[in-house]
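Not measured: the values here are computed from a predicted model.
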Amino acid sequence: CEGGEAMACAQLGTEYLAQAWVKAEQSGQPETAAFVAANEHLRRACELPEPDDVRKFWGWSPRGYACGNLAASYEHGFAVPQDHVRALELNQLSCGLDWQRSCAQVGYFYDNGLGVDKDPAKARKVYEAACTARDAMACNNLAMMLIDEAPERAAELFAFACEQQFPGACERSKEQP
């Protein structure tokens, strides 16, 4: 990470995140120092340039991953002030780097008016694109929007999200026609 490699910073950030969650589960309290360290490494990875061949080599973008995880810290206020506008910006950046979970999060922000005015049409468009790229959260959330309008399609999407073990999708899948 000190050498300016986004992958190394993203990996270190991930290690600190894992420590933070383990300590939080053990104590019932968020582990601020680990979240601070995670956020710092994720921020560095998010800001570093990424060589063009990195996504081709790894099959994913370390920078996109880092920006998306940093967005979650801003969304929930993990060792940074809660800031939905900043979280949305980071998710949009991450989505542009093909990190599909962040694309689903962009849809969620528009769906729920977090850091932006509610815009169900925009949320649906983003969910559709991320679902097409096989993100379970996006498919689940799109299905929630389609329950009344297209129940068969909603059932298919819930079933896919269930196969991907997205929380609550299996129960919703059984409720559909």
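- Between Ala143 and Leu157, the shortest heavy-atom distance links the atoms CB-CB, 3.7 Å.
- Among Gln82, Gln105, His84, the one residue that satisfies the side-chain hydrogen bond (donor to acceptor under 3.5 Å, both in side chains) test with Glu75 is Gln105.
- Residues Lys174 and Phe158 are not in side-chain contact: their nearest non-hydrogen atoms beyond the backbone lie 4.5 Å or more apart.
- By the side chain to side chain contact (heavy atoms under 4.5 Å, CB included) test, Ala129 pairs with no residue at all, sequence neighbours left out.
- Residues Ser61 and Asp98 bring no donor and acceptor atom of their side chains to less than 3.5 Å of each other.
- Ring centers of Tyr16 and His41: under 6.0 Å apart, within the cut-off.
- Between Thr14 and Asn69, the closest side-chain pair of non-hydrogen atoms is not below 4.5 Å.
- Counting heavy atoms from C-beta outward, Tyr74 and Leu88 have side chains that stay 4.5 Å or more apart.
- Residues Arg101 and Asn91 bring no donor and acceptor atom of their side chains to less than 3.5 Å of each other.
- Under the 4.5 Å side-chain criterion, counting only non-hydrogen atoms from C-beta, Trp60 is in contact with Tyr65.
- With sequence neighbours left out, the side chain to side chain donor-acceptor pair (under 3.5 Å) criterion links Gln100 to no other residue.
- No side-chain heavy atom of Val126 sits less than 4.5 Å from a side-chain heavy atom of Phe109.
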